[in-house]
Structure formats: C-alpha cells, structure tokens
Number of protein chains: 2
Amino acid sequence: MVRVRLQDVAARAGVSVKTVSNVVNGYRHVAPDTRARVQLVLDEMGYRPNLAARNLRAGRTGVIALALPDLDNPYFAELTGSVVRAAEKHGLTVLVDQTEGLRDRELEVVEGFRNHLIDGLVMSPMALRAKDLTGRAAVDIPVVLLGEKFGAGAVDHVAIDNVAAAEAATAHLVALGRTRIAVVGDQPGSRRRSGVAHLRRQGWERALTAAGLDVDERLVAPVPAFDRQHGAAAVAALLDDGARPDALFCFNDTLAIGALRLLADRGIDVPGDVAVIGIDDVAEGRFAVPTLSTVAPDKAGIARTAVAMLAERLDPASEQRPPRDVRAGFELVARESTLGRSASAVSAVRAAAAVPPPRGTAR
Amino acid sequence: MVRVRLQDVAARAGVSVKTVSNVVNGYRHVAPDTRARVQLVLDEMGYRPNLAARNLRAGRTGVIALALPDLDNPYFAELTGSVVRAAEKHGLTVLVDQTEGLRDRELEVVEGFRNHLIDGLVMSPMALRAKDLTGRAAVDIPVVLLGEKFGAGAVDHVAIDNVAAAEAATAHLVALGRTRIAVVGDQPGSRRRSGVAHLRRQGWERALTAAGLDVDERLVAPVPAFDRQHGAAAVAALLDDGARPDALFCFNDTLAIGALRLLADRGIDVPGDVAVIGIDDVAEGRFAVPTLSTVAPDKAGIARTAVAMLAERLDPASEQRPPRDVRAGFELVARESTLGRSASAVSAVRAAAAVPPPRGTAR
DNA sequence: ATGAAAGCGCTAACAG
DNA sequence: CTGTTAGCGCTTTCAT
C-alpha cells in the first residue's frame, strides 16, 4: 500500500535517483556491485514505477484503444481477443471502447477524447464518414481501420476482400446447384460504397451474374443490424413474402445463426430444402446444429497486422510511409449447412492470399 | 497534429495558465467575458488536455482493468460488454487483460504490473490462491473479484450463489422426471473449495440428495476447460463409458453447446432421450437448436455492482468499509433442451434475490 | 560510472 | 476574480 518512489530507493541505497533509474531500466553503465545493491533495495521496498509519470515524460503510454460496435457480437469478441494478444507482443495494452455503431460515439473516439491516454487506435467503424477523419478536431494519433473503408487511403486499413469473399460464398451455393439464392443482411439505407453490406451484396450479384442467374430483388432481405435476432426476423419476412429461396447467403455468421434457428422453427430442412452460409467463422458456427458453412477471414492475421502497423507508426525510429491498405486472407469452409451430414468434415475449398504484415516486430 | 498546451492557449488569450485551466475544468469563479474569450481560443486552437499529466497530478487515471481468462468465451465477452458500459457511467474506461486462466498471468495482474496506469481491478480469477492476494508484492489498488472467491473476505466479491444455481438447474431436471442426471464440467484437479466447478457440483449433489437420488460417480464428466470442444468430448467419453444419462447438467452454457452438438452427432434426441441444461444464459443458447435451458445470472447486475463497488473505493470522499461479498441474482430459464418444442416459450421458473451493495458483510 | 537539475503538462495552494 | 509557484515521479541532458 505504500508508494515507493525512485527517490526513496535512492535514499535508502545511498545513491542518486539517476542511478536507481538506470538500474530499473537496465542501463549498461552501472557498476556491478552498485547495481546489485540497488536491486536489493528495489526488491526490499517493492518498488513499482509510476507509469503515469513515465508516460508524461515519454509522451507515450503503451496503451492503444480498440473501438468496435459491440462485444456481444461474437466476431468482435473473438477479434478483440486476438488484438489483445497481438498487442501484448508489442508491449501494448488494449483499452476497449464500445461505440454501439453510433456515429456520435465513433466521432468521439476519433476526435481523441482519450487524448494522451492512448498512443494509437484500432477501429472498426460503422457509421463514420470520410470527412470525419480529416476534420480539424480529428485524431492526432495513428489509426488503423478494420473492415469498412472510406476516404481513399487516408489512414491504414486492414480487411478481407469483401466482394471476393461474398462471391466465394455465393459461388459455393451455385456449385451445389442452388439457383434461388437469397441474401440476408442488405442495408440499403447505407449508401456508402465501402459499407460491408454493400460490398458483400456486390459479390453476391457478381457470382449470380457469372453463373447466369438473375438478381432477384425479392430474394434480398434487409436487416437493421447484424445479429441473430434480425437474421431470424429477416428470413421470416422473406418467407412470409412468398419468396422460395433454396439457399441463403447471410452477410455474417450471426445473421446465419438466426436464420438457422428460424428455419428449424418452420421445419425447413438445412441444407435439404435451404442451404445456409455465412461469413466470419465464429466458433459458435462450428458447433451449431447443423454446423455452419462460412467464409473464414484470418482474424488472427487481421489483428496481428493491424497492431503491427500501429506499432510501426508508434516507433519514432521508423520512417513514416503512406497509409497502407492491407488485404487479409480468407477461406471458404464448407460444413453441414451446405453439404449436409455426409460431409461433416471441414473442407477448405479456397484461400485468398494475404498481403503480409509490415516489416519489423517489437521485442 | 500540433500539440496545444494550456500555456499556449493562455499566451494567445492573454491570460494565465490557471485561468485557462479554470475554464477547461468549468470552475465557477471566472468572469463571463473572460470565460468566453478563453473558450474561443480553446476551440480555435483545438486544445485537448494531456491526460497523462492530469493523471500524474491527480494520482488517478480513470482507467480500470478487467482481467479475465479469455474473450473467446461468450460469457466473458458478454460480461466485458456490460462492464465497459457500467464503467462508462462512472467516467471510467476499461482496459482488458486476458490471463488465459494461467496463474502466472493472474499473479502479474494482481501484483500490479500496470501500476499507476489503472485505478482499480475487476478480476475473474481461475488459478489464484488466497495468499496471492496478500503477498507483499500484491496489488495496492482496489480489487473486485468475480465468480470464484477465496481468502475469506480479503477483497470485494460479486457472484451468484453457485451452489443454489446448480441446485436449481438440477432440481429442474428432477422435476421433469429425470433420474440419471449427469454433470459435465467437474474439475477434480482443483481442490479449492471455492472453485466454481466444486460449488456447482455441490449444488448438483444437494439436489440429488434432496430428491432421494444417488450420487453416481459414473455420471460425472470432468473437463480440462469450460469450452464447447471439451463439452462435446466429455459427453462422448461419458457415453462411451457406458453411462446412460437421461439428463445432462453442464456447468456452463458453452459446455452445454458442445454437449448438444455431440448428442446431435450421435442421433440422440434432446430432450426426448436426454435433457440438457447449462448455466450462464449466453445469447448463443437462446438461438441454439434446440434452444438451451439455463440458469441466467444477472450479468448486467454483476457488472454494475462490481464497477460501483470499485468506484466507491476510488472515491476518496467515501469512507472505507470492510470488503463486501455480494450475491447476484439468477433465474432458471427453461427452454427446448429440457421442455421440448412444445414449450418453446421462455419460462422464468425461479429467481433468487440479489443482495444489494449496501454495507454489512454477507456471510 | 554517478550526481544534480531541468522539465514533461497539469492542478492545487497561495497570493494579489 | 486572476496570476504565480510548486510540485506529481520520472527520464534526460550536462557535469563531474
């Protein structure tokens, strides 16, 4: 409970503050015996550096923020776990901000209300616009964007190729002979070209077109949010409207889980009557009944890359390069919800190459 | 961007640093016109306080740490979301530490390696021992323990009554006429009396005894960890050993999800052949097929209480009371995995009252 | 190899 | 009502 300062240790050890500091920080030029003596006192007194002071001095805190909509979404929860692990390897700690996908809260984060408390920001934006990142109040720390992208190359960005991922998912359904492939998760309200929903829809259309299938608007189920509840509701609405899909491409796994649940309620066989596929490869899908086919983004890779890019920008020694746009890898994982019980073995059908993370990692 | 200090603003506004500080902090005694003028300059220059400096000065940071095993576990992910939300209301930010349930990492956290960077700690321990909290290197900031408890009343503690919750789950199965009720999640290796697994097993035994049923060791499935994978594996082992349970009480929902998956693989009907119940009420269970019966702890309440207790100890104005032991509420939620399709409506069968935060040590 | 002193940006005395 | 000053605990010149 007692606070022990460098000064206190110095007094007791009969040396100067500087020497103690040197020992604490493992500086070279300290006489072995001095070092030993100081270390002893250090241990005896249970010295702990005051990070606030150290930060003030150093101008950096060793803390980065991770801003995302919601930890209740398993994809973000899993991603957070990966980011925390990756950050740790760079000697960084992660502070979590939940924005609920609200523009105001995302703005708050970007405008740096955590000023000088964090060195950098990893953010998964939902409602932000390009101009928000360039306003005068905008953030003065390095930022890495996850998922959505906007403002052509203003800041670093890591994501899978959403169009390609959606195309792969749809093509998988096509390959299984499905012809009335509905999408669950459209968000017509968001006009932004870069919005995840928009991109995934684009991939769907592309795959249909490539297969010579029509893009039928009646097979498009919009949702207000990417969660289980709205996945179920959207599919219910789709069916109630008389659509007769033989497959559902859900824009993420959580929507797909909701879809599976609703189909079970209605006694519709998966994949017999309707095949289902999602995107994200959350652990939940691997244990769902039936197990969920999905497009698996390289979450750990995304996290590692994002943190490494941030760490590089935090390193004053590294020259500042222009913002990068890194494409993470993904692979199609076909499970029971498209292949049926017979092929319950996980089968990796396709992989996309990832742009490797930037050079250099920390200690 | 440019760093703007109080000093810079003061110079430009033609006032002293103190006055600017007063304006920033909304002090009363500032002449309206002075305030207006300073505010203008503040906005013009885009001043942002340096929190590191403020923290050094104030001796507190407004950041608390949440240490838990793993965000991949949906229970902890959901809990984290609640803690972040609760903390926000107290003006606190949350920094996440993943301990992986490892004693070394838990120790590190408790020994305050984040010294002076966090004001308090909320921790869900797995491997810590009582003495770890009292060692000389131990933490010098307020701590609130979640879930497991040890070291009789050394620090604040919030949890449901694990024995009662397990008893309620088991009693529910008994009430449905099940007689060969297995448990999934025993951890015989952990001898600690307070371990969650130990307590839940105790509740199971108590309910069996109350119902006049035997405690059959062959119906006890141990697991190395509380996740889906080990839930499935444990049930597989149980069945392969020739046990013939007609119900499974899983020590948490994640184990139960794994169990459901394995039962589906083996073509065993739930709840026809085997009823299944868990504890935690994770969102995943509400959409599982079949939906998972569970004991729902008041997660939001736990988070709010934990943060409130921490906030109180952080407030220098509040007198220090002895460590409290708060019991959070829970309720049994019966769904399809015990009631079958017919009763798919969620039915709250029982609720336990939460001991409110006030003073007075619970037992 | 070690010490003395300055100062990171802020707020809390204490003056005026 | 506003200005001056003294640190919070640490690292870092600059001396020695």
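The sequence lines fix the lettering, A, B, ..., with proteins before strands; numbering per chain opens at 1.
Between B/E312 and B/R324 there is a salt bridge, with a side-chain nitrogen of the basic residue lying less than 4.0 Å from a carboxylate oxygen of the acidic one. Checked for salt-bridge contact, B/D325 and B/R327 meet the test: a charged N lies under 4.0 Å from a carboxylate O. For B/D72 and A/K299, the salt-bridge test fails: no basic side-chain N is under 4.0 Å from an acidic carboxylate O.
With DNA chain D read from its 5' end, the first of the two nearest nucleotides for B/T19 and B/A58 is the one closest to B/T19.
Direction of the helix axis in the helix from C/dA1-D/dT16 to C/dG16-D/dC1 shifts by 40° between the two five-pair termini, rounded to 10°.
In this structure, NZ of B/K18 is placed 13 Å from P of C/dC14, rounded to the nearest angstrom. Atom-to-atom, CZ of A/R35 to C1' of C/dT2 comes out at 13 Å; the value is rounded to the nearest Å. The CZ-P distance, from A/R57 to D/dG7, rounds to 19 Å in whole Å. Between B/R5 atom CZ and C/dC8 atom P there is a gap of 7 Å when expressed in whole angstrom units. Between the C1' atom of D/dG7 and the CG atom of B/L56 lies a distance of 9 Å, rounded to the nearest Å. Put simply, CG on B/N50 is 13 Å from C1' on C/dT11, counting in whole angstrom units. Taking atom CG of A/N55 as the reference point, atom C1' of D/dC8 lies 13 Å away to the nearest angstrom. The separation between A/L6 atom CG and D/dC10 atom C1' is 7 Å, rounded to whole Å.
At the phosphate of D/dC1, neither OP1 nor OP2 sits under 4.0 Å from any side-chain N or O atom of B/Y27. Phosphate proximity of D/dT11 to A/S21: present, with a side-chain N or O under 4.0 Å from OP1 or OP2. An OP1 or OP2 oxygen of C/dT11 is reached within less than 4.0 angstrom by a side-chain nitrogen or oxygen of B/N25. When the side-chain nitrogen and oxygen atoms of A/R54 are compared with OP1 and OP2 of D/dG9, none of them lie within a distance under 4.0 Å. When the side-chain nitrogen and oxygen atoms of A/N22 are compared with OP1 and OP2 of C/dT2, none of them lie within a distance under 4.0 Å.
Under the side chain to side chain contact (heavy atoms under 4.5 Å, CB included) rule, A/M309 has a single partner from A/V122, A/D156, A/V143, which is A/D156.
Contacts of B/V15 with the nucleic acid, taken as non-hydrogen atoms under 4.0 Å apart, involve only primed sugar atoms and P, OP1 or OP2.
Of the candidate nucleotides C/dT2, D/dC10, D/dG3, C/dT2 has the atom lying nearest to any side-chain atom of A/T34.
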Query raised in the report: Are A/V17 and A/R5 close enough, and set up right, to give a side-chain contact (heavy atoms from CB on, under 4.5 Å), and what steps lead you there?
Result: CA-CA 9 Å; A/V17 178; A/R5 295 161 306 164; over 6 Å; no
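Interatomic distance, CG of A/L117 versus CG of B/L117, reported as 7.5 Å (0.5 Å rounding).
Residue A/E100 qualifies as enclosed at atom CD: its count of foreign heavy atoms under 6.0 Å is above 12.
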